[in-house]
S.K.: 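Here it is, the structure, as structure tokens.
A quick note: this is a predicted structure, and the numbers were derived from the prediction, not measured.
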Amino acid sequence: MNKLSWIAVVGALSGVLFTQGQMAQPDTDQFVVGPGEVLAPKGVFMLVRKGRVVGAVRFTTIEPGKEVGTGKASYESYFQADGSGSFRSANVRKQIGVIELKPLKGIGRASFQFGKDKVQVGKWAFRSGYPGRIDMWPYRGSEKDYGYEFAPTSARDVGEVDASDKRLRWFRFDKGSRVTIRVADLPK
């Protein structure tokens, strides 16, 4: 059995099917959204909201490992809980973090990640199963819609982010959806 076939078997057993295109980080000029995750290019902000509360996160480095689902990424996030959607006010909470994904230990659904796989955005935490990727449900939750919405942007500086821009496309967890969007086609 070749390596790609073995990856597909292990992925199918764990409920996740990787295609060859999913193993590589996307071009630095596009987001891949869905069905239950967002794969983001380095340096560009993605918004996360639930109700009137909004956060912004971007990966500052992305280093895929030699095995599928391994590697490192650093990120910075901003959290605005007052409902204004502005990341310029003094009450914005900034965090920086690192994910370091190691090879899974175990078999199928009984596999565990012993590395750092948490992306923290204010009080919210999301799992990352691949450097540059964020799950669309809470950390250690199950695959379902918890009401979080995600909007890719073209902003590279948090001061450029406009969470109230009507041109933003907000996405929720949807098992039947997968969209690729070029950064050049996105508002800030």
Side-chain angles (χ1 to χ4, degrees), residues 25-34 36-63 71-101 113 115-174 179-188:
Q25 180 64 21
D27 295 333
T28 57
D29 70 341
Q30 66 184 16
F31 283 87
V32 180
V33 182
E37 64 198 17
V38 179
L39 195 55
K42 180 177 78 169
V44 185
F45 278 99
M46 170 180 42
L47 301 180
V48 182
R49 76 178 177 190
K50 187 167 185 179
R52 292 179 39 99
V53 179
V54 66
V57 62
R58 74 173 174 165
F59 289 100
T60 53
T61 64
I62 299 173
E63 303 170 27
K72 298 178 184 179
S74 58
Y75 67 90
E76 65 181 17
S77 69
Y78 298 82
F79 188 73
Q80 177 52 272
D82 70 5
S84 70
S86 172
F87 291 102
R88 295 186 181 119
S89 59
N91 65 344
V92 171
R93 182 174 164 196
K94 179 182 179 182
Q95 294 171 285
I96 57 172
V98 175
I99 58 171
E100 185 174 356
L101 303 168
Q113 173 59 250
K116 296 177 185 177
D117 65 347
K118 188 187 298 185
V119 176
Q120 193 75 40
V121 181
K123 64 181 183 177
W124 302 326
F126 301 93
R127 184 179 168 275
S128 175
Y130 190 86
R133 186 178 93 184
I134 297 177
D135 288 348
M136 297 174 93
W137 58 86
Y139 186 74
R140 299 292 187 222
S142 60
E143 293 183 43
K144 68 178 191 176
D145 185 358
Y146 286 87
Y148 292 98
E149 297 177 285
F150 297 79
T153 77
S154 62
R156 295 187 178 275
D157 181 272
V158 75
E160 299 175 321
V161 174
D162 181 2
S164 64
D165 191 324
K166 300 290 184 206
R167 298 173 297 156
L168 289 171
R169 291 180 60 192
W170 292 92
F171 299 89
R172 292 176 77 136
F173 177 86
D174 180 356
V179 179
T180 301
I181 308 167
R182 290 176 359 114
V183 170
D185 297 335
L186 294 167
K188 293 186 182 201

S.K.: Quick one: list whatever passes side chain to side chain donor-acceptor pair (under 3.5 Å) with Arg172, sequence neighbours left out.
M.R.: Asp145
S.K.: So which pairs with a foot in residues 152-164 pass salt bridge (charged side-chain N to carboxylate O under 4.0 Å, His left out), sequence neighbours left out?
M.R.: Glu160-Lys188
S.K.: Quick one: list whatever passes side chain to side chain donor-acceptor pair (under 3.5 Å) with Gln113, sequence neighbours left out.
M.R.: none
S.K.: I'd like to check the side chain to side chain donor-acceptor pair (under 3.5 Å) partners of Ser84; sequence neighbours left out, ordered by chain and number.
M.R.: Asp82
S.K.: Within this structure, what is the CZ-NZ distance for the pair Phe87 and Lys94, rounded to the nearest 0.5 Å?
M.R.: 13.0 Å
S.K.: Taking all non-hydrogen atoms of both residues, which atom of Val121 and which atom of Ser77 are closest, and how far apart?
M.R.: CA-OG, 3.7 Å
S.K.: Mind checking what makes ring pair (Phe, Tyr, Trp, His ring centres under 6.0 Å) contact with Phe45, not counting sequence neighbours?
M.R.: Tyr78
S.K.: Please name the pair of heavy atoms, one in Pro131 and one in Ile99, separated by the smallest distance, quoted to 0.1 Å.
M.R.: CA-CD1, 4.1 Å
S.K.: Rounded to the nearest 0.5 Å, how far does CD of Gln80 lie from CZ of Arg49?
M.R.: 14.5 Å
S.K.: Show every ring-ring contact (aromatic ring centres under 6.0 Å, His included) that has at least one partner inside residues 142-161, sequence neighbours left out.
M.R.: Trp124-Tyr148, Phe126-Tyr148, Phe126-Phe150
S.K.: Tell me, please, which residues at least two apart from Arg167 pass side chain to side chain contact (heavy atoms under 4.5 Å, CB included).
M.R.: Asp165, Pro187
S.K.: List the steps, then state whether side-chain contact (heavy atoms from CB on, under 4.5 Å) holds for Val179 with Phe31.
M.R.: CA-CA 8 Å; Val179 179; Phe31 283 87; over 6 Å; no
S.K.: What pairs with Arg182 under salt bridge (charged side-chain N to carboxylate O under 4.0 Å, His left out), at least two apart in sequence or on another chain?
M.R.: Asp185
S.K.: Side chain to side chain donor-acceptor pair (under 3.5 Å) with Ser74: which residues, sequence neighbours excluded?
M.R.: Thr60, Thr61
S.K.: Suppose we screen for side chain to side chain contact (heavy atoms under 4.5 Å, CB included). Which residues come up paired with Arg93, at least two apart in sequence or across chains?
M.R.: Phe79, Gln95
S.K.: Sequence neighbours excluded, which residues qualify as salt bridge (charged side-chain N to carboxylate O under 4.0 Å, His left out) partners of Glu100?
M.R.: none
S.K.: With Arg127, which residues qualify under salt bridge (charged side-chain N to carboxylate O under 4.0 Å, His left out), at least two apart?
M.R.: Asp117, Asp135
